[in-house]
Amino acid sequence: MKNKIQKIVLDAVQKGFEDGLLPSDHVPEMEIEEPRNSSHGDFSTNFAMVSAAIQKMPPGKIAQSLVSSIKTLGEATGEEANLIEKIEIAGPGFINFFLSKKAWHPVVDRILDQDKQYGASDIGKNEKVQIEFVSANPTGPLHVGHGRGAAVGDAIGNILCFAGFNVQKEYYINDSGRQIRTLGKSVWLKLLEETGKEIEFPDDCYQGDYIKDLACEILEKEGSKFIQGDEKETIAACAKFAAKKILKGIREDLSSFGITFDNWFSEQSLYDSGRVQKIIDEFTSKELIYKKDGALWFRTQDFGDEKNRVVVKNNGQTTYFASDIAYHMEKYERGFDRVIDVWGADHHGYIKRIEASVVASGRKSKQFEVILVQLVNLLRGGKPFQMSKRAGDFVTLKDIIDEVGKDAARFMFLSRSYDSGLDFDLELAKQKNSDNPVYYVQYVHARIAGIFLKAKQENIIQDIDFDKGENLHLLIAVEEINLIKILDTFKENVEKSAQALHPHVIFTYLMTLAAAFHGYYNRHKVITEDRELTLARLSLVLGVKKVIRNGLVLLGVNAPERM
RNA sequence: GCCCCCGUAGCUCAGUGGAUAGAGCAUAGGAUUCCUAAUCCUUGAGCGCAGGUUCGAUUCCUGCCGGGGGCACCA
């Protein structure tokens, strides 16, 4: 609808120029916006104000010329007369458009016709985008923070896809390096303890219950003689077993959170294939990597980082940074023009150095984007609930899903911008009642399903499949037109959400639509004595149902037929 | 000290270079012979402070103040 208005304005500018009403046909950057206040019309443009300098005329005068051209054109084609009820010039030079009610009715047809594709956009132009998220080390189960990253990453992937991007979702498995060795050692020490030895655990070891479970499982499978073998080999075996097992758990947790990845990428594979070494050699030959104090350093400082960073330590071990460089190079070589990483806010110091390596390799800095998800502040009954990974005292994502359910958890994680810290109160989220916004939106879907159930029982709709609206001209109530207006903006919201990489835009939209529907529902009966009107209203609410579903799908939340 | 995020209603948060800044919760009152009351209707109060850019700033820029997070040959 907004596009139609824009076209009318552009045509009128051209016409005005041809007729000598306007000195220039240049159109500066202007806005077609929906005014907050409905007394300012359905749409409003600031064209006259932003054109004052170009046209060398006062805004009021420009507006008058434009309106007169619109009217001339409208009379010629007869089209605008149908669409626009009146045009007003107001304030410092706003041109306000008031649309006729029937201008809105085709929106319902479009929704019913496009169905699951309604709201889809092609702004992505099929550009290849990779989004990598979660990527938690397989050294322990996923916790709440990972849950937020998972919900955000998955939703952004869905939204980008719906907006016409060619999206791949990937999980990077840190299955190499020190943390995995530490995991092996932790399990091994726990094994020794289980067999009766006095063990003092070093500070850097993991000590959650899951470590004990893993140790017991190994003991059960391998027997106690397992630990009498070579210490190094045994630890390595423990590490391998534990990482594999933990990763399996991570996959299961994500799966029950409704998340699947297109690709799982192993860090170890970068070493196995010699890629890491190759990248180090390559950058060394370009003198981007140099040797100092027995270590190899990357000149990240030349690219805006505050200091240079080590890629190979003086003991010969590579750092995570080394494999991360190789990994990101690999992404671009796979053909992604745009690479998005979703990280926890505590990793923000890492952005500059990865960006430096990307730029050093000749890519543009904007081809690498990081979404920093601010931390989740876990509360229980309004009081801070500290978690410490080392002590093993933390709330896992699985706990959350078990307590509040997948839908409520995902909706909660996406309810706010990830730029802000999120309070997640376990007691509050546990309540399966109206305090939880997810029910508010899902209820719309279920309510409408209920209406259709009744309509079928009463034999109103047995023969109608609603691939387009019925009797839409009967939809004239304020609440009905208002609902259609909101439905009409779904696509804009998808595009806005995709461009900003902000999934909560969809959340806010759904809450707005849900509120409008509940208000309508309480004021008007859909199923009435008047069969024709009933069909019109059924068409409308079916449109609402489809849009709610399309929105919820993007966020990874179910749209239930019944609650 | 440096870097990132935030500062909007009593609380938790949306939002916008424009004309009267929104929602939920909380508070107070009301609505169901009727498609799910997991709903709706009514009720008060707010853009941290100071400059700058602009015809116009809550929005953009700078500084300050306040809160959170990060600054290892850790990840």
Side-chain angles (χ1 to χ4, degrees), chain A residues 31 33 35-40 44 46 49-50 52-53 58-59 90-94 96 135-137 139 174 177-179 182 204 292-297 305-321 323-324 343-352 370 372-375 377 382 415-423 425 428 431-444 446-455 457-458 460 502 504-505 507-509 511-512 514-515 517-528 534 537-538 541 562-563:
Chain A
E31 297 272 331
E33 57 161 15
R36 282 196 282 262
N37 187 332
S38 61
S39 72
H40 296 139
S44 176
N46 59 354
M49 280 128 75
V50 295
F94 290 104
N96 298 334
S135 300
N137 292 345
T139 53
N174 286 108
R178 194 180 65 84
Q179 297 213 30
T182 305
D204 62 347
K292 188 188 139 202
D293 302 336
L296 292 180
W297 299 70
D305 199 3
E306 54 195 38
K307 54 181 284 193
N308 290 334
R309 308 288 176 176
V310 170
V311 285
V312 181
K313 294 185 255 186
N314 66 5
N315 63 9
Q317 283 178 0
T318 49
T319 61
Y320 278 77
F321 181 40
S323 49
D324 278 341
W343 295 349
D346 53 341
H347 285 63
H348 97 268
Y350 213 69
I351 297 176
K352 272 272 159 56
V370 176
L372 269 194
V373 180
Q374 294 298 314
L375 301 182
N377 190 21
S415 64
R416 316 256 140 95
S417 164
Y418 49 72
D419 288 334
S420 294
L422 179 74
D423 286 341
D425 193 313
L428 205 74
Q431 294 172 16
K432 294 205 167 188
N433 61 27
S434 58
D435 287 343
N436 204 330
V438 71
Y439 296 106
Y440 189 75
V441 175
Q442 287 184 322
Y443 189 36
V444 172
R447 262 190 158 168
I448 296 172
I451 295 172
F452 271 81
L453 217 59
K454 182 169 177 186
Q457 278 163 9
E458 298 192 0
I460 298 168
H502 271 152
H504 77 275
V505 169
F507 171 91
T508 307
Y509 173 79
M511 292 297 281
T512 307
F517 172 78
H518 287 311
Y520 174 63
Y521 178 92
N522 271 272
R523 192 172 290 243
H524 299 282
K525 296 277 296 175
V526 172
I527 297 170
T528 62
T534 300
R537 289 184 170 171
L538 283 171
V541 299
R562 211 175 252 285
M563 289 172 73

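Residue numbers start from 1 in every chain, and the chains themselves are labelled A, B, ... in the order their sequence lines are given, proteins ahead of strands.
- In this entry the distance linking NE2 of A:H518 with C1' of B:rA23 reads 14 Å, nearest Å.
- One interatomic measurement links the two molecules: CZ of A:R178 to P of B:rA72, which rounds to 15 Å at whole-angstrom precision.
- At a cut-off of 3.5 angstrom, the base of B:rA19 holds no donor-acceptor pair with the side chain of A:N46.
- Of the two residues near RNA chain B, A:R523 and A:Q179, the one whose nearest nucleotide lies more 5' is A:R523.
- Between B:rU54 and B:rG46, the two C1' atoms lie 25 Å apart (nearest whole Å).
- Within the structure, every side-chain polar atom (N or O) of A:K292 is placed at least 4.0 Å from both OP1 and OP2 of B:rC73.
- Counting only distance, with no hydrogens or angles, the side chain of A:H518 and the backbone of A:Y440 share a donor-acceptor pair below 3.5 Å.
- In this structure, the CG atom of A:D425 is 17 Å from the P atom of B:rC11, given to the nearest Å.
- Under the Watson-Crick or G-U wobble criterion, with both distances below 3.5 Å, B:rC60 is paired with B:rG52.
- Both distances falling under 3.5 Å, in either a Watson-Crick or a G-U wobble arrangement, place B:rC13 opposite B:rG22.
- Relative to the side chain of A:V526, the nucleotides B:rA14, B:rC40, B:rC35 differ in distance, and B:rC35 lies closest.
- Judged by ring centres under 5.5 Å apart and planes tilted less than 30 degrees, A:F94 stacks against the six-membered base ring of B:rA19.
- The P atoms of B:rA57 and B:rG17 are separated by 14 Å, rounded to the nearest whole Å.
- Between the CG atom of A:N308 and the C1' atom of B:rA72 there is a distance of 15 Å, given to the nearest Å.
- Distance from the side chain of A:W297 is smallest to B:rC73 among B:rC73, B:rC35, B:rU39.
- With values rounded to the nearest 0.5 angstrom, A:K292 atom NZ is found 8.0 Å from A:N308 atom CG.
- Between the C1' atoms of B:rC47 and B:rU59, the separation comes to 10 Å (whole Å).
- As the counterpart of B:rG66, B:rC6 is assigned, both hydrogen-bonding distances of the Watson-Crick or G-U wobble pattern falling under 3.5 Å.
- Taking the P atoms as reference points, B:rA19 lies 26 Å from B:rC11, given to the whole Å.
- Position along RNA chain B of the nearest nucleotide to A:Y350 versus A:I527 favours A:I527 as the more 5'-ward residue.
- Contacts of A:D324 with the nucleic acid, taken as non-hydrogen atoms under 4.0 Å apart, are absent.
- For a distance-only test at 3.5 Å, the side chain of A:T319 fails to qualify as a donor-acceptor partner of the base of B:rA75.
- Using modelled atom types, one side-chain atom of A:T319 and one backbone atom of A:V310 make a donor-acceptor pair closer than 3.5 Å.
- Distance OH (A:Y418) to P (B:rA14): 12 Å, rounded to an integer number of Å.
- Considering only side-chain N and O atoms, A:Y521 lies under 4.0 angstrom from the phosphate OP1 or OP2 of B:rA37.
- Base engagement by A:M563 is indicated by at least one non-hydrogen atom pair under 4.0 Å involving a base atom.
- Across all strands shown, B:rG46 forms no Watson-Crick or G-U wobble pair with both distances under 3.5 Å.
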### Task
Run the numbers on A:R537 and A:Y520 for side chain to side chain contact (heavy atoms under 4.5 Å, CB included), then give the verdict.
CA-CA 11 Å; A:R537 289 184 170 171; A:Y520 174 63; 3.3 Å; yes

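- Nucleotides B:rA45 and B:rC60 place their P atoms 27 Å apart, quoted to the nearest Å.
- Side-chain atoms of A:D293 do not come within 3.5 Å of backbone N or O of A:A295 as any donor-acceptor pair.
- In this structure, A:L372 reaches the sugar-phosphate backbone alone: every heavy-atom distance under 4.0 Å involves primed, P, OP1 or OP2 atoms, never a base.
- Straight-line distance between the P atoms of B:rU58 and B:rA50: roughly 11 Å, to the nearest whole Å.
- When distances are taken from the side chain of A:N96 to each of B:rA75, B:rA19, B:rU39, the shortest belongs to B:rA19.
- Between the side chain of A:T534 and the backbone N or O of A:I527, no donor-acceptor pair lies under 3.5 Å.
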### Task
Determine, stepwise, if the pair A:H504 / A:S417 fulfils side chain to side chain contact (heavy atoms under 4.5 Å, CB included).
CA-CA 6 Å; A:H504 77 275; A:S417 164; 3.5 Å; yes

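- Among the nucleotides B:rA38, B:rA19, B:rU39, the one closest to the side chain of A:Y439 is B:rA38.
- The phosphate of B:rC6 (OP1 or OP2) has no side-chain N or O of A:R416 nearer than 4.0 angstrom.
- No engagement by A:A455 is indicated, since no non-hydrogen atom pair under 4.0 Å with the nucleic acid exists.
- Separating the NZ atom of A:K313 from the P atom of B:rA72 is a distance of 14 Å, rounded to the nearest angstrom.
- For the pair A:E33 CD and B:rG17 P, the computed distance is 9 Å after rounding to whole Å.
- Taking the side chain of A:N137 as heavy atoms from C-beta on, and the options B:rA14, B:rA75, B:rC35, the nearest nucleotide is B:rA75.
- Within 4.0 Å of A:H40, counting heavy atoms only, lies at least one base atom of the nucleic acid.
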What nitrogen or oxygen pairs link the protein and nucleotides 66-71 of chain B at under 3.5 Å?
residue : atom : partner : partner atom : Å
B:rG69  : N2   : A:H348  : ND1          : 3.2
B:rG69  : N2   : A:H348  : NE2          : 3.2
B:rC71  : O2'  : A:E306  : OE2          : 3.1

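- Rounded to whole Å, atom C1' of B:rA38 lies 13 Å from atom CZ of A:F517.
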### Step-by-step side chain to side chain contact (heavy atoms under 4.5 Å, CB included) determination, A:R562 to A:L453
CA-CA 11 Å; A:R562 211 175 252 285; A:L453 217 59; 3.4 Å; yes

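- Distance alone, capped at 3.5 Å, places no donor-acceptor pair between the A:N174 side chain and the A:N137 backbone.
- Atom C1' of B:rC49 sits at a distance of 11 Å from the matching atom of B:rG66, rounded to the whole Å.
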### Message
Could you go through A:Q374 and A:L422, starting from their C-alpha distance and side-chain angles, then the distance that decides it, and tell me whether this counts as side chain to side chain contact (heavy atoms under 4.5 Å, CB included)?
### Response
CA-CA 7 Å; A:Q374 294 298 314; A:L422 179 74; over 6 Å; no

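- Within the structure, every side-chain polar atom (N or O) of A:H502 is placed at least 4.0 Å from both OP1 and OP2 of B:rA14.
- A:S417 comes within contact range of the sugar-phosphate backbone alone, with a heavy-atom separation under 4.0 Å but no base atom that close.
- Only the P atoms considered, B:rU62 is 13 Å distant from B:rC6, to the nearest whole Å.
- The listed nucleotides are B:rC73, B:rA14, B:rC34; the one nearest the side chain of A:K525 is B:rC34.
- In this structure, CZ in A:R309 is found 9.5 Å from OH in A:Y350, a value given to the nearest 0.5 Å.
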